[in-house]
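Here the structure comes first, spelled out in structure tokens, and everything after it is commentary.
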Protein chains: 2
Amino acid sequence: MGRRNDHTREDIHSMALISALQIVRDEGPEALSARRVAGAIGYSPGTLYNVFENLDDLVLQLDGAILESLHVYMAEASKAKAGRERITALGQAYVSFTRDHRNLWTLLFERPMPDVGELPEWYTQRIEALFDLIEAALVNLYGGAERAGLAQEARIMWAGLHGICLLSLTQRPEVLGGHGIDDLAGNFIANYVAGLDARHAAAA
Amino acid sequence: MGRRNDHTREDIHSMALISALQIVRDEGPEALSARRVAGAIGYSPGTLYNVFENLDDLVLQLDGAILESLHVYMAEASKAKAGRERITALGQAYVSFTRDHRNLWTLLFERPMPDVGELPEWYTQRIEALFDLIEAALVNLYGGAERAGLAQEARIMWAGLHGICLLSLTQRPEVLGGHGIDDLAGNFIANYVAGLDARHAAAA
DNA sequence: AAGTCTACTGAACAAAGTTCAATTTTTTCT
DNA sequence: AGAAAAAATTGAACTTTGTTCAGTAGACTT
């Protein structure tokens, strides 16, 4: 078959991403392959390479979309809350997302990433947007006086949550002392915030 | 070539692991392949499959060895310390390990793991041994009265540290507000321990 | 020395990402 | 309209994986 023009480049681009998302969601990251995606959208493998640099590029775009879903999800879950409740809600939302969209979340973080510095700006910004949600909640809680410190602490909270989810979904439950992921995340947030409280009280 | 018997099964097993370790250390996880390891020890690919179930099995054994190194490293770094210093030392040791043996640490956690429950007992125990280091330090700090809670908190601290290392080695520095991994880890431990202090004071 | 056993080889298979000459269709030009 | 140019699509082919297994060369047994 030769030229057929029934879809624009953009069409194919988004069709591929949608199909890839379905494949990963339903069958996990290991089911994703160039041939598989090409077949699902009714094109040959070669066509994908007109639209994506390579498969890693496709995955990166997909990751971007997933990060955006995660952002929406967390923002939604926390928007009506304030103070400590806001932070707790953000943490719970992250945990829920990893549980409810496990395959997508796995794709995000299990897949070997390109070297640092090779990530495009737009991608980095989507990661930062997640941090900013937590940072804003911390500012809401402690005031904007020491924003720099809170920015750092927001990153730490995010990393901590992330580590807990990773551990929980990777290890058998006994290893974690039988505690569920929600317990761990809840305890983490409570303790870390208690630590922040203590330090802010001391500073005041 | 046929039978030659210049090495026992165990010889080949350990030679393969040693070569694999070198390859990963020097060239990263993506350089590891069955042919590569086989070549390095002077055997054909097929021979590896007499000694390992498959390549994932080899990697699992390798991961086990790396976990053991990590354990020795952390235990060594913290053994002369007590109380808060002990916990801080453990955290710093973990961070140092991820920095100094980045490729090995990457193999441990970047490689897609077999499904939960398929990990052998001995492997799970090595993970727990790491947790136990932190748990022991917490018991040393707060006493053994509420051991169950401390076990959970040890897992949380480990996960938090892990998340921070992951984030730091995966993202460009600007994303983390310019703070180095040591800063983040130090802040995390300080704040989380401060939170524990507050709660233990309240309980007393 | 003959026969048995077995460690080892290496060719072969499937599936992966990726490339690109050939082909067919659309667009443009005269 | 017809010819020429451009573009989009294919699919076969190449490379590199992990993995298997019939065959074989060497070591052991009697």
Side-chain angles (χ1 to χ4, degrees), chain A residues 1-17 19-24 26-63 103 106-107 110-115 118, chain B residues 1-17 19-21 23-24 27-63 103 106-107 110-115 118:
Chain A
M1 213 189 302
R3 177 170 183 165
R4 55 167 139 127
N5 260 31
D6 32 3
H7 298 104
T8 67
R9 278 177 82 86
E10 288 73 31
D11 283 340
I12 296 179
H13 186 95
S14 73
M15 286 163 58
L17 284 182
S19 287
L21 190 74
Q22 270 171 9
I23 293 169
V24 174
D26 298 343
E27 302 172 47
E30 65 283 359
L32 189 71
S33 77
R35 283 173 235 269
R36 190 69 199 285
V37 172
I41 65 174
Y43 281 85
S44 77
T47 296
L48 279 186
Y49 289 79
N50 290 340
V51 168
F52 298 95
E53 226 176 282
N54 49 39
L55 200 67
D56 282 344
D57 182 29
L58 188 154
V59 170
L60 193 74
Q61 311 281 332
L62 195 53
D63 282 348
N103 283 339
T106 300
L107 181 76
E110 185 181 72
R111 188 117 184 163
M113 270 284 149
D115 277 344
E118 294 177 16
Chain B
M1 215 188 300
R3 176 172 185 167
R4 55 168 140 126
N5 260 32
D6 29 0
H7 299 104
T8 67
R9 279 177 81 87
E10 288 74 30
D11 282 341
I12 296 179
H13 186 93
S14 73
M15 285 163 59
L17 285 182
S19 287
L21 190 74
I23 292 169
V24 173
E27 302 172 47
E30 65 283 358
L32 190 70
S33 78
R35 283 174 235 270
R36 192 67 202 285
V37 172
I41 64 174
Y43 281 85
S44 78
T47 295
L48 279 185
Y49 289 79
N50 288 339
V51 168
F52 298 96
E53 227 177 281
N54 50 39
L55 201 67
D56 281 344
D57 182 29
L58 188 154
V59 170
L60 193 74
Q61 311 280 334
L62 196 52
D63 282 348
N103 283 338
T106 300
L107 181 75
E110 185 180 74
R111 187 120 185 159
M113 271 283 150
D115 276 344
E118 295 178 15

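Letters A, B, ... are given to chains in the order of the sequence lines, protein chains preceding strands, and every chain is numbered from 1. For clarity, every value in this text was computed on a predicted model and none was experimentally measured.
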Note to self: Using side-chain heavy atoms (C-beta onward) and a distance below 4.5 Å, is Gln61(A) in contact with His13(A)?
What the structure shows: yes
Margin query: Can you confirm whether Tyr43(A) sits close enough to Leu48(A) that some side-chain heavy atom of one is under 4.5 Å from a side-chain heavy atom of the other?
Written below: no
Next item on the list: Return the nearest nucleotide to the side chain of Ser33(B); candidates are dG18(D), dT9(C), dT26(C).
Entry: dG18(D)
Item checked: Protein-nucleotide distance (Ile41(B), atom CD1; dC8(C), atom C1'), rounded to Å -> 12 Å
Check: Is any side-chain heavy atom of Glu27(A) closer than 4.5 Å to a side-chain heavy atom of Arg36(A)?
Finding: yes
Checklist line | Nearest-angstrom distance from the residue atom CD of Glu30(B) to P of dG17(C) | finding: 17 Å
Check: Contact class for Leu58(A) vs. all strands (heavy atom < 4.0 Å): base, sugar-phosphate, or nothing?
Finding: nothing
Note to self: Please pick, from dG17(C), dT19(D), dT10(D), the nucleotide with the shortest atom-to-atom distance to any side-chain atom of Ala34(A).
What the structure shows: dG17(C)
Margin query: If I take atom CG in residue Leu48(A) and atom C1' in nucleotide dT9(D), what distance separates them, rounded to the nearest angstrom?
Written below: 12 Å
Item checked: For atom CG of Asp6(B) and atom P of dA25(D), their distance in whole Å -> 17 Å
Item checked: Comparing Gly2(B) and Arg35(B) on DNA chain C - which has the more 5′ nearest nucleotide -> Gly2(B)
Notebook entry, point to check: Of Tyr43(A) and Gly46(B), whose nearest nucleotide on DNA chain D comes first from the 5' end?
Noted result: Tyr43(A)
Check: Rounded to the Å, how far apart are Asn5(B) CG and dA7(C) C1'?
Finding: 7 Å
Margin query: Can you see if the side chain of Thr47(B) gets near the phosphate of dA7(C) - specifically, an N or O under 4.0 Å from OP1 or OP2?
Written below: no
Margin query: Measuring from the side chain of Arg4(A) (C-beta onward, heavy atoms only), which nucleotide among dT19(D), dT17(D), dT10(D) has the closest atom?
Written below: dT10(D)
Checklist line | Basic-acidic side-chain contact under 4.0 Å: Glu30(A), Arg111(A) | finding: no
Next item on the list: Would you kindly give the NE2-to-P distance between His7(A) and dA8(D), to the nearest whole Å?
Entry: 14 Å
Note to self: Nearest whole Å is fine: how far is dG18(D) C1' from Asn50(B) CG?
What the structure shows: 15 Å
Margin query: Without decimals, in angstroms, what is the distance between Asn54(A) CG and dT15(D) C1'?
Written below: 16 Å
Note to self: As an exercise, state the distance from CG of Asn103(B) to CD1 of Ile23(B), rounded to the nearest 0.5 Å.
What the structure shows: 12.0 Å
